[in-house]
There are 2 protein chains.
Amino acid sequence: MSEGARLPTAAGRGRRPARARGDDRELLILETAERLLEERPLGAISVDDLARGAGISRPTFYFYFPSKDAVLLTLLDRVVAEADATMTAVFDGSVTAPREGWQRALAAYHGTFRDHRALTVAWAEARATNAEVRALWAEVFERWVQRCATVIEAERARGAAPPGPAARDLAIALTSMNERVISASLSGDGPAIAPDDVVPVMLRVWLNAVYGTPPD
Amino acid sequence: MSEGARLPTAAGRGRRPARARGDDRELLILETAERLLEERPLGAISVDDLARGAGISRPTFYFYFPSKDAVLLTLLDRVVAEADATMTAVFDGSVTAPREGWQRALAAYHGTFRDHRALTVAWAEARATNAEVRALWAEVFERWVQRCATVIEAERARGAAPPGPAARDLAIALTSMNERVISASLSGDGPAIAPDDVVPVMLRVWLNAVYGTPPD
DNA sequence: CGAACGAGTCAACAGGGTGTCGAGTCACGG
DNA sequence: CCGTGACTCGACACCCTGTTGACTCGTTCG
């Protein structure tokens, strides 16, 4: 099917369409993966499904990716980049009140994952069995923890927050909460907080944990 | 191997050793599973491993359990029963101070899972792919949430705790934190809180979330 | 032009896992 | 001794993964 399409892409720019076909296929595989993940869990998607979805045979799939998980990893790298950008913007943005700063950070965190529901759920699933996925998550988690720990220490230093457990431990505990609460809310199994209440509830716990009775 | 063993068990009691052999085998499979889980993750254990570990062939395994996950489920049922017993004891026990009550509850929660590290990690892994495991966990989680929500409401009613987010939402958020923090601490991948600090840190977050600046 | 090359492609295979079927064995109770 | 029910497993059907080797087809270069 679609045999007639003979690299009409980027024709005007001329000069060597090298790997034009290949890039298309790669993209198609990624899109197929994202599409299939919307309708069923990662475990129910085979390499053959991805290959056929992209109009190629299974062996050809392996020409582009070393495994099914590698496709997921590529997809996740994008989300990670997006999340990092958002996170940096939020942490560097001007904060008038502490409450507002934390609120914005939590909303950004929540928003990023909510915008990629299927991917987030698949991520959680793959983390259980794939070491690379686990490592990628650990990396993201660690960055978030460090930023939060830094802020908590700053708040303590300027006397806005009382002393307490090691800032890092507190950050780990609270970030763990975020992760699990959001994951449960998105995957929909088990008791979960209603989507619209996720951020307010988390915010409340964060503020209490960092400041005791919250400011304002 | 061990062919010579000809049901010498329960010989004195006489009268039909019906299913004596079978019960042994079933037990042996469960023990094998628990033993193998100490040394490698669930995904790296095949039905054949379980069967050979119990000295039987793969088809015979299916006489006792419908699948590998069913073995895990049986193992988990025991832990759940134990956890429920502990939990009930803790919640019904006399509490002199609120702080002490929560501290005891969190320590019990943490202790139950720490005492079954391998099983807890396997549980988390299986939850990603198996609906029954997910359902069992949801049940346990829900019971814990309800008990906590009830206590939070009682504390608010008697004026010990200030109003805040729906008690149930707060309970879900905090229980989610427990789950993830303990799971990370036991599985050892990614940033985690040191084992001995898990309960103190969680306690601090719980008290702040429920009471604002904690009592005492 | 024609050989050489590299990207892209896939049928066929090897290997490992799951779950099932049917034909057994064996110890009792009638 | 003959059934019956617990128990056992060789062999099979299937599904999935990852690899191999041959093949097509543009491009490039002598």
Side-chain angles (χ1 to χ4, degrees), chain A residues 1-11 13-29 32-33 36 40-73 125-126 129-130 132, chain B residues 1-11 13-29 32-33 36 40-73 125-126 129-130 132:
Chain A
M1 49 195 80
S2 75
E3 277 295 354
R6 277 290 146 87
L7 55 135
T9 49
R13 232 224 289 97
R15 305 294 305 136
R16 284 229 311 157
R19 265 193 66 83
R21 173 70 62 94
D23 286 349
D24 284 355
R25 293 273 194 247
E26 195 171 322
L27 254 285
L28 220 60
I29 292 174
T32 303
L36 292 183
R40 54 180 192 269
L42 183 65
I45 298 172
S46 70
V47 170
D48 200 52
D49 292 332
L50 294 178
R52 301 216 170 279
I56 56 178
S57 72
R58 213 163 48 74
T60 301
F61 167 92
Y62 286 102
F63 178 82
Y64 293 102
F65 293 96
S67 71
K68 184 175 72 176
D69 287 347
V71 176
L72 183 62
L73 238 7
E125 182 181 339
T129 53
N130 185 299
E132 283 177 284
Chain B
M1 51 195 80
S2 74
E3 277 295 355
R6 277 290 146 84
L7 57 139
T9 50
R13 233 224 291 96
R15 306 291 306 139
R16 285 232 307 158
R19 267 193 64 82
R21 173 70 63 96
D23 286 348
D24 284 355
R25 293 272 194 248
E26 197 171 321
L27 253 285
L28 219 60
I29 292 173
T32 302
L36 292 183
R40 54 180 192 267
L42 183 65
I45 298 172
S46 70
V47 170
D48 201 53
D49 292 333
L50 293 178
R52 299 213 172 279
I56 57 178
S57 72
R58 212 163 50 75
T60 301
F61 167 91
Y62 287 102
F63 178 82
Y64 293 102
F65 293 95
S67 71
K68 184 174 73 177
D69 286 348
V71 176
L72 183 62
L73 237 8
E125 182 181 339
T129 53
N130 184 299
E132 284 177 283

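We name chains A, B, ... by the order of the sequence lines, and we start the count at 1 in each one.
- Close to D:dA6, at under 4.0 Å from its OP1 or OP2, lies no side-chain N or O of B:R25.
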Below 3.5 Å between N/O atoms, which protein atoms pair up with nucleotides 10-14 of chain C? Just atom names and distances, please.
| from | atom 1 | to | atom 2 | distance (Å) |
| --- | --- | --- | --- | --- |
| C:dC10 | OP2 | A:S57 | N | 2.9 |
| C:dC10 | OP2 | A:S57 | OG | 3.1 |
| C:dC10 | OP2 | A:T60 | OG1 | 2.8 |
| C:dC10 | O5' | A:S57 | OG | 3.4 |

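- Overall bending of the helix from C:dC1-D:dG30 to C:dG30-D:dC1, expressed as the angle between end axes built from five pairs apiece, is 30° (10° steps).
- Rounded to whole Å, atom P of C:dT9 lies 11 Å from atom CG of A:L28.
- What you find for B:A33 and B:L50 is that their closest heavy atoms are CA-CD2, 3.6 Å.
- Here C:dT25 presents its C1' atom at 13 Å from CZ of B:F63, a figure rounded to the nearest Å.
- Atom pair B:I29:CD1 and D:dC7:C1' shows a separation of 12 Å (rounding to whole Å applied).
- In terms of the salt bridge (Lys or Arg N to Asp or Glu O under 4.0 Å) criterion, A:D69 has no residue partners (sequence neighbours excluded).
- C:dA7 atom P lies 12 Å from atom CG of A:D23, rounded to whole Å.
- To the nearest angstrom, C1' of C:dG17 lies 14 Å from CG of B:D69.
- Contacts between residues 41-50 of chain B and DNA chain C, defined by a heavy-atom separation under 4.0 Å, are made by B:S46, B:V47.
- Looking at every heavy atom in both residues, A:E125 comes nearest to A:L42 through OE1-N, 3.4 Å.
- Whole-Å rounding puts the B:F61 CZ to C:dT20 P distance at 12 Å.
- Considering CG of A:N130 and CG of A:L73, their distance stands at 6.5 Å, rounded to 0.5 Å.
- Taking atom CZ on A:F65 and atom P on D:dG18, their separation rounds to 14 Å, with Å as the unit.
- Here the closest heavy-atom approach between residue B:V47 and residue B:K68 is recorded as CG2-CB, 4.1 Å.
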Report all side-chain donor-acceptor pairs from residues 53-62 of chain A shorter than 3.5 Å, counting only partners two or more places apart or in another chain.
| from | atom 1 | to | atom 2 | distance (Å) |
| --- | --- | --- | --- | --- |
| A:S57 | OG | A:T60 | OG1 | 3.2 |

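- Legend: residues meeting side chain to side chain contact (heavy atoms under 4.5 Å, CB included) with B:R40, ordered by chain and number and at least two apart, are B:L36, B:A44, B:I45, B:D49.
- Going from atom CG of B:L28 over to atom CG of B:D23 covers 12.0 Å, rounded to the nearest 0.5 Å.
- Dashed line: the shortest gap from a side-chain N or O of A:Y62 to OP1 or OP2 of D:dT20 is not under 4.0 Å.
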